[in-house]
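Proteins get letters first, then strands, A, B, ... in listed order; numbering begins at 1 in each.
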Protein chains: 2
Amino acid sequence: MTLPSAPAVPATPVGLAVDVAAFAMHGGELRVLLVQRGELPHARDWALPGGLVMSGEELHEAALRVLRSETAVELEPRHLEQFHTFGEVGRDPRGRIVSVAHLAVLPHGTVEIAGLDVSGEASEVGHTLGAGWLSAHRPPALAFDHQSILDRALARLQLRLEYANLALEFLPETFTLPELQGVHEAILDRKLDKRNFRKRLLSQGVLTPSGERRTGVGRPAQLYRKAKNARTAAL
Amino acid sequence: MTLPSAPAVPATPVGLAVDVAAFAMHGGELRVLLVQRGELPHARDWALPGGLVMSGEELHEAALRVLRSETAVELEPRHLEQFHTFGEVGRDPRGRIVSVAHLAVLPHGTVEIAGLDVSGEASEVGHTLGAGWLSAHRPPALAFDHQSILDRALARLQLRLEYANLALEFLPETFTLPELQGVHEAILDRKLDKRNFRKRLLSQGVLTPSGERRTGVGRPAQLYRKAKNARTAAL
DNA sequence: CCAAAAGTGTTAAGGCTACACCCATGC
DNA sequence: GCATGGGTGTAGCCTTAACACTTTTGG
């Protein structure tokens, strides 16, 4: 990086922000955390949580901060990664704001604890009318360029199913294979073949049978946990 | 994106920059454009071209501007994409600077025209001692965190060989299959099997024989050009 | 005719898809 | 005993990797 001591054009500061697409499972569906804006522009529209980056703050810290400030409880993501920076000049009517978009994965149970699961009235926190976990594949109309951000977040999440095993981070410590398949299906938004899925996952060696079984309606299912060596990262 | 009207911590502005890893082929080797810094910190060290983003300027425009300001000639990239944003607090000793890193591909002949091909004295332009096209896989020591940026740029470039057909952008309009294979090998930094390479590329249908042949030492080679429908993009 | 580089096919192995029935449990 | 969901195997296809010789030209 070369910083010319006297740039040709005066360098009016550019605002730097983060936006977070935080995903969790609820009722077999993939949900994304959205906030209902309380201020103009786009008042009452839904948006991804976001905010300006502070000067001594790492990008991922800023992402965690905005995530936590939008909900009453302290969300603890299992995975957090930057995936694209949105900087188009006209993307925010308030001025030049460049946003580093992040993808977050929250564990099982998050939706039940933090925020309502449907578009109903949620806890009123911060500068928003409320927050809610809404359908990730069929969200309401979003403010600014947040639909593009969400589209790209979903694409990245789907990539991470293959290369990393990010689906595991959506589940509790122990889980059954049908549950894991449900997470894949919710993320990919399509059905998968049971036998092929089991074959593939078991041959990857990322699952260890816990020995326990989950009982309920129908035949009990074997419980698994993430193997010691299982990786959850990729390029 | 939610911009709280009164952030808890005062939002001292964060500097926003771009850095560019610009690649071109030269002598069967993959080269990257580096500038030798004329100022502290890291004076006389090599670095990727970069600079602050101006307030009305798109990110890709800023990337093009720094690319052009470092070399005498007007470089015209065949491909330019953002690939990661580097924002660690301590990455630049001069203050909080977040940099959106870009990958650029320059066509055949660029190295010969714009800048020297080795680490010798290059044209003195701008705020640097000079610029040069140096080995991308075995570069000299780089300033700041630029080695990490270069590593990641190379990884992205290698990805783009598979999904897009980015290798085509390194070559002149017509080229032979052994030349194309050479580009792949230079980017991947390993040898490929000739028959498998030809089979794969020809079956993709992105190449059209031009009918001409390239003569020289040994048997003349068929010339190809990029097919009309060939794509050069991916996620 | 020799050097140099271009061009050409086959085989084996592994991964992916499609597809239908039996099993264990609770009620 | 029946409803519910869990669990299992095979065959065809395609993709990938390994591997050596012949062809065409210029000098």
[N] [atom2] sits how many Å from [X] [atom1], rounded?
X	N	atom1	atom2	answer
B:K194	D:dT22	NZ	C1'	11 Å
A:L202	D:dG6	CG	C1'	13 Å
A:D193	D:dT8	CG	P	14 Å

Of the residues in residues 170-184 of chain A, which ones touch DNA chain D at a heavy-atom distance under 4.0 Å?
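Heavy-atom contacts with DNA chain D come from A:P178.
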
Classify the side-chain pair A:T85/B:T85 by whether it contains a donor and acceptor separated by less than 3.5 Å.
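Indeed, the side chains of A:T85 and B:T85 share at least one donor-acceptor pair under 3.5 Å.
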
Side-chain touch [X]/[Y], heavy atoms, less than 4.5 angstrom:
X	Y	value
A:R37	A:F144	yes
A:V20	A:P77	no
B:T110	B:F170	no
A:Q147	A:P139	yes
B:Q204	B:N165	yes
B:F175	B:V183	no

Option from A:L192, A:L207, A:L177, A:D193 for which side chain to side chain contact (heavy atoms under 4.5 Å, CB included) with A:R198 holds
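Output: one option passes, namely A:L177.
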
Under 3.5 Å, N/O pairs linking protein and nucleotides 24-27 of chain D:
| unit_1 | atom_1 | unit_2 | atom_2 | d |
| --- | --- | --- | --- | --- |
| D:dT24 | O2 | B:R219 | N | 3.4 |

Tell me whether B:E29 is salt-bridged to B:R31, with the criterion being a basic N under 4.0 Å from an acidic carboxylate O.
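Counted as a salt bridge, because a side-chain N and a carboxylate O are separated by less than 4.0 Å.
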
Short N-O contact, A:R152 and A:D19, less than 4.0 angstrom:
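Salt bridge flag = no for A:D19 with A:R152.
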
Determine, for nucleotides 12-17 of chain D in 5'-to-3' order, which nucleotides have protein heavy atoms under 4.0 Å from the base (write B), from only the sugar-phosphate (write S), or from neither (write -).
-----B

Of all nucleotides in DNA chain C with an atom under 4.0 Å from a non-hydrogen atom of chain A, which is the first and which the last going 5' to 3'?
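Counting from the 5' end, contacts occupy C:dT17 to C:dG26.
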
Counting only heavy atoms from other residues, nucleotides and ligands, does the tally under 6.0 Å from NE2 of A:H108 exceed 12?
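Counting neighbours around NE2 of A:H108, 12 or fewer heavy atoms of other residues, nucleotides or ligands fall under 6.0 Å, so no.
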
Test of understanding: with salt bridge (charged side-chain N to carboxylate O under 4.0 Å, His left out), list the residues that count as partners of B:D189, not counting sequence neighbours.
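Counting only residues at least two positions away or on another chain, B:D189 forms a salt bridge (charged side-chain N to carboxylate O under 4.0 Å, His left out) with B:R138.
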
Partner set under side-chain contact (heavy atoms from CB on, under 4.5 Å) for B:P209, not counting sequence neighbours:
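If we apply the side-chain contact (heavy atoms from CB on, under 4.5 Å) test to B:P209, skipping adjacent residues, the hits are B:Q222, B:Y224.
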
